[in-house]
Structures are given as structure tokens and as C-alpha cells.
Amino acid sequence: MKTINKISFQNIESIPQLIKDFLNQKIEGFEENTFSLDHVIKQIHLKQNSFTQNQRNVLSETLEDQLSGLDLSSRQKENIENLKLPNAFTITTGHQLNLFSGPVFFVYKILQTIKTCSYLKENFPDFNFIPVYWMASEDHDFAEINHFKTEDNYYETNEKSGGAVGRIKINDTFFISEFEKEFKDFVFGTELILMLKEAYKTGNTLTEAIKILVNRLFSEFGLLILDGDSKELKNEIKQTFKDELLHSSLYKTSKEKVEFLTEKYGKVQVNPREINLFYLSETRDRIDFDGNKYSIVDKNIQFTQEEILNELENYPEKFSPNALMRPVYQETVLPNLAYIGGNAEIMYWLELKDYFSKINIPFPILIPRNSMLFLKEKTLGKIERLHLKIEDFFQNFTTITNNKILEDNPVLAVLEEKENFLINNFSELKALAETTEKSFGNMVKAEEVRQLKSFKRMKKRLLHAEKIKQNEMLERLENLFLDVHPSKNWQERVYNFSVFFADHGYSWLETCLEEMEITESKLIIVAI
């Protein structure tokens, strides 16, 4: 495996402008929430002054309890103990409980979290930096997470859903036998099959399954796995939940930031609700307030104000944060310095800055995660033979294709020569026309537009004709695009990690870790 290119997010057309501006410190108020050593040391001081010893003890004890059934490495045990110390801080990433981890970027974001901790330890040896994976165990959209894809197959499990996905127990294991058929003959196929069978044993919950899988992959790196579906942790955020129920503070406080981001960048990623909490029973349902009673949407459950506050006080585990409240929950219960997430995640975190100030919790450093792309040497050879660059596949590929089809075309050369001649002649004519009566000048301008449209039509027809004539070239370009972008998407958002692990095993993880960038957000392209 060899890294052949690292492309900055600034040079990739499809990266949202909001992310580019954030990374370039062009969004007012967020300059110090980008990643740098100076910003990290400031964040350390902020968190030291706001995260109590009692919170550290609760977190350490909760982790010890939640991870008690796993075979922990010495580094993990040490990290759990270190969390009790005032010089220990976390770097966190989070993700849904996708079947067998889902798309491979799940692995990349965890590895970047691990490497960021190592980088910070090298630069600040007096502090400990602990990587944390936060499980989105309380999400309820099972259809989003019940599948994964390899190069040749699609795997899915079907279970009863509607409540917190982490509590779903595994019964449908047909996908395991199908997976075994695909991977049994690969070098590390047996390892993958054993991982899958151990994690997705009948009766395990999805939370247990992901915990087992993630621990198997990352325990030696010291990664800690935290489940927010916890009474002990929710006790720590009861006051914030109470304020949300009584005053809709997140909605009110984030309104100005949401309007600013909407006006400048279009629709925001997640719109705040007046109450950003769900109620957990056998299902997970939104809490609504009509000015008089609190009701659980789609359930025949209602509370007076006194009743719902009593419920929160006695059963905090029944209250679940939505996508916007979850970052607040994380930063409340963790001595966290930075959050590593995908572009969409970073975009909705940005909505929350003013709310964090209101509730006196330091807003973390935000790090848009790196992307990775693994390409076969054969594919890279085809790209080279067509005199294309890998960067071309992350620009407007329709334009790249059209330019390739018309490359060195003699008819196009003549058309462009005549078009430029026309433009120059009309430029001279328009200058003279402006010295005469206004309507004549307007007629000359209109005639120029009409004639230039003819050239545009001719070039369009020429492209159409050349695509028919060069059908084989067009097909090669389209197939190459699909080699780089399976299902017309980024590879990391389609394939499961098993596609790469099957041939390379843990050395693939080591390669990912080694090539991962820390100080910049980049697309890292590796030849395999």
C-alpha cells in the first residue's frame, strides 16, 4: 500500500463552502474552535475550570461498568483510571450503531481520534489525551443502520424497531452465513467471520454487538467506548433537560446563529425544535408542549409540568436527546477538548455555539474528519493512460468528460476560432454603435447574443455527435468514475471495512492510522 496523493478539502468541489470557510477561520466567532496547538491549550484551561472531580468519578465508574464484559487492553484500563485525574482529557467521535460498522468512514473517524490523542501527547506530555467513541445507541431510525455493503453484496438484518436502536436484540442472523460465503477464501476472511459471529450472536443487543466489534478492532489503541443510554450519565445533565422542558432554551438561544448560517450558506443541517428531547419507553418519541400539557407524540401519554419534572428527577434515563441536544450531553459528561465528525455533523454543531455559552459549557474544537480512498493499481493505471489526474474525479466530472471527448478536436478548434473572431468584431462594432442612436446600439448587442447562441448550439451538437462516435471512450470514462465512486458516491460512504480488511488485515488499520492527517482535513488516496 502506498499513498499517492493527499488533496486538501479546499480543492474539492463537493466539500460544503461552510466547512471550507470554517477551516479557513472565515466564520466570525468560530476562529478558536478550529484545530491548532494554541487552541487546544486554551481548551484545556477552559475544561479544567468547568469539569469537576465528581464528574470525572462518575464517568470513570460508568465506563468501568459498561466495559466490564469486554477483554480490555492495559491501555484501556489505564485510560479509565486516568479519567479520574485532573490532567486527563478526551477527544471524541460518535457514530450510529450501523450493522458491522456500516460504511468504512466509521473506522477512519475512530482512527483519526486515536491519532489526534497521540499527537497531542507528543506536544503536551504533562497531560493525558484519551480517545472516546460515543455510541449513538438512542437513535430510533433502524432502517438507517440495519445494513452494510461490500463490493459484491448487500447485507441486511430485520428486527422489530421503533425504540432506541441500541436496545434491539439480534434474532435475524441470516446475513452471517451469506457473509461467510463471500469471505471464507480471503486471507483474513476467517478473522472477519469470527468478528461478525462474536458481535452478532443471537440475543446480543446492537449496543453489545458494536461494543464487541469496536473493542476487537481498537482495544490495543486504548479507545474507550461510551454508551449515553445511561441513568448515571443522564443524572449529570438533568438540569439542562429541565431547562429545556421549561424554557425551550436551545431553540431560543440558537435562533440567531441558525438565521445567520441559513442566510449565508442556505438551509442548516438540523433545525432546532422547541423541545429537543425524546421520551423513551418501548419506543422513542418526541416530547411536545401545547402551553398547558406535555405530550408524547404518537403515544397516549401526557404530563403536567409537575409530573414531567418528577419523571425527569426520578427516571432521567427515560429522557433522550435529539441530534442537536446530543452534543450538549456529550460535552456535559466528558472532559472533552475536540469532536471529530463528518461535514454534516460539524455543520449542525456550529448552530449550538451560543447555547453552549448560555449553559456555561466550553464549546469544543471541531475537526472535520479526513476522508480516505483506496484504489487498485489497475484503476490508477487506467487513469494515467487517459492522461487524467485523480483530482479530476473530485471536480465536476461531466465537464472533465466533455473536455476529454472534445480534446484536440479540429472542428471545435475552428468553431472557437470563428467564435473569438465574431466576439472581436462585435466588440469593435458595439463601440461604434454607442456613438449613434441608442436603439441601434441595442440592436447590435442583441445580434451578438443571437449569433453567439448559434455557436453554443453548434458546440453542443458537436459534443453529442462525438459522444456517439467515441462511445467506447465515453464508456471507459464512466466505468472509471464508478471505480472511484461506487454507486456514484464516495467510496468510504458505500463499502464496509471488510472490503479492505479481507486482504490486508490489521496492517490495513495501521496504514490508515499512519497516513491519517491531524493538522488539516484532507482526502487521502492510497494505492493497493
Side-chain angles (χ1 to χ4, degrees), residues 66 92-113 131-150 154-170 172 175 195-196 199-200 204-218 223-230 233 269-270 276-278 280 283-286 320-330 333-334 339-349 366-369 371 487 489-498:
Q66 290 186 358
T92 304
T93 193
H95 200 66
Q96 295 167 294
L97 309 187
N98 297 66
L99 188 66
F100 207 45
S101 82
V104 65
F105 71 80
F106 173 88
V107 170
Y108 303 154
K109 71 201 299 193
I110 289 177
L111 287 172
Q112 186 171 346
T113 304
V132 170
Y133 160 53
W134 179 285
M135 295 191 290
S137 57
E138 294 180 60
D139 289 359
H140 59 262
D141 194 342
F142 182 59
E144 273 190 4
I145 66 161
N146 71 341
H147 57 274
F148 68 93
K149 192 179 184 308
T150 63
Y154 176 88
Y155 296 94
E156 184 178 25
T157 186
N158 294 292
E159 308 289 357
K160 185 182 176 185
S161 61
V165 293
R167 300 178 184 182
I168 294 173
K169 288 194 173 179
I170 296 151
D172 175 19
F175 68 95
M195 272 188 218
L196 191 64
Y200 292 90
N204 278 359
T205 63
L206 289 184
T207 290
E208 288 166 339
I210 285 292
K211 227 189 284 189
I212 290 165
L213 174 64
V214 169
N215 197 61
R216 181 85 171 252
L217 289 170
F218 303 108
L223 180 75
L224 299 182
I225 306 159
L226 187 60
D227 182 5
D229 190 1
S230 157
L233 294 180
Q269 198 64 30
V270 181
N276 293 279
L277 294 170
F278 288 88
L280 284 171
T283 56
R284 180 175 181 256
D285 304 284
R286 196 162 51 81
S320 175
N322 73 354
L324 281 173
M325 185 62 80
R326 186 166 58 237
V328 184
Y329 182 26
Q330 287 174 205
V333 301
L334 290 170
Y339 183 79
I340 295 172
N343 294 333
E345 289 178 279
I346 301 302
M347 286 160 75
Y348 69 69
W349 274 77
L366 298 175
I367 305 173
R369 66 167 178 83
S371 292
S487 303
N489 205 340
W490 284 36
Q491 182 194 74
E492 62 180 28
R493 304 196 68 83
V494 179
Y495 290 156
N496 180 255
F497 82 96
S498 55

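Being a predicted model, the structure only gives us computed values, none of them experimental.
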Are the side chains of T207 and M135 in contact, using a 4.5 Å heavy-atom criterion?
yes

Please identify each residue that fulfils ring-ring contact (aromatic ring centres under 6.0 Å, His included) with F106, with sequence neighbours left out.
H95, Y133

Side-chain contact, heavy-atom cut-off 4.5 Å: L223 with V214?
yes

Can you name the residues that form a side-chain contact (heavy atoms from CB on, under 4.5 Å) with R493, not counting sequence neighbours?
F105, R369, N489, W490

Applying side-chain contact (heavy atoms from CB on, under 4.5 Å) to I110 and T93, what does each step give before you reach the verdict?
CA-CA 7 Å; I110 289 177; T93 193; 4.0 Å; yes

Quick one: ring-ring contact (aromatic ring centres under 6.0 Å, His included) partners of F278, sequence neighbours excluded?
H140

Using a 4.5 Å cut-off on heavy atoms from C-beta on, say whether the side chain of I367 contacts that of Q112.
yes

Under the salt bridge (Lys or Arg N to Asp or Glu O under 4.0 Å) test, residues paired with K149 that sit two or more places apart:
none

Please report the interatomic distance CG(L213) to CZ(F497), rounded to the nearest 0.5 Å.
5.0 Å

My understanding is that only residues two or more places apart in sequence, or in another chain, count here; which of them pass ring-ring contact (aromatic ring centres under 6.0 Å, His included) with Y155?
F148, F179

Qualifying residues under side-chain contact (heavy atoms from CB on, under 4.5 Å), relative to P327, sequence neighbours excluded:
Y348, W349, L352

Partners passing salt bridge (Lys or Arg N to Asp or Glu O under 4.0 Å) against D285 (at least two apart in sequence or in another chain):
none

Identify the heavy atoms of P321 and Y329 that sit nearest to each other, and give their distance.
CG-CD2, 3.8 Å

Just by modelled atom types, is the G94 backbone N or O under 3.5 Å from a matching donor or acceptor in the Y339 side chain?
yes

Can you name the residues that form a salt bridge (Lys or Arg N to Asp or Glu O under 4.0 Å) with R326, not counting sequence neighbours?
D139

Nearest heavy-atom contact between S498 and T150 is OG-CG2, 3.7 Å

Contact summary for P103 and N98, nearest pair of heavy atoms:
CD-ND2, 3.9 Å

Can you find a heavy atom in the side chain of I212 that is under 4.5 Å from one in the side chain of Y200?
no

Shortest non-hydrogen contact between L280 and A164, atoms and distance
CD2-CB, 3.9 Å

State whether the side chain of R284 and the backbone N or O of G162 hold a donor-acceptor pair below 3.5 Å, judged by distance alone.
no

Before giving the answer on side-chain hydrogen bond (donor to acceptor under 3.5 Å, both in side chains), spell out for R167 and T205 the whole-Å C-alpha distance, their side-chain angles and the decisive distance to 0.1 Å.
CA-CA 6 Å; R167 300 178 184 182; T205 63; over 6 Å; no

Return the CD to CG distance between Q96 and N146, rounded to the nearest 0.5 Å.
11.0 Å

Are the side chains of H147 and F175 in contact, using a 4.5 Å heavy-atom criterion?
no

Please list, chain by chain and in numerical order, all residues satisfying side-chain contact (heavy atoms from CB on, under 4.5 Å) with D172, sequence neighbours excluded.
T157, N158, E159, F174

Using side-chain heavy atoms (C-beta onward) and a distance below 4.5 Å, is L217 in contact with M195?
yes

Is there a side-chain contact (heavy atoms from CB on, under 4.5 Å) between I170 and L206 once you walk through the steps?
CA-CA 7 Å; I170 296 151; L206 289 184; 4.0 Å; yes

When rounded to the nearest 0.5 angstrom, what is the spacing between CG in L233 and CD in Q330?
11.0 Å

Working to the nearest 0.5 Å, report the span between OG of S137 and CD1 of I168.
11.0 Å

Side-chain heavy atoms of I225 within contact of F218, under 4.5 Å
no

Could you work out, with salt bridge (Lys or Arg N to Asp or Glu O under 4.0 Å) as the rule, every residue matching E208, not counting sequence neighbours?
none

Ignoring hydrogens, what is the shortest heavy-atom contact between N343 and P368? Give both atom names and the distance.
OD1-CB, 3.9 Å

With sequence neighbours left out, the residues meeting side-chain contact (heavy atoms from CB on, under 4.5 Å) with Q66 are T62, K211, L226, D227, S230

CG-OG distance between D229 and S320, expressed to the nearest 0.5 angstrom
7.5 Å

Are any of the side-chain heavy atoms of T92 and I340 separated by less than 4.5 Å?
no

Run the ring-ring contact (aromatic ring centres under 6.0 Å, His included) test against F142 and tell me which residues pass, sequence neighbours left out.
none

Point-to-point distance, once rounded to the nearest 0.5 Å, from CG of N496 to CG of L99
8.5 Å

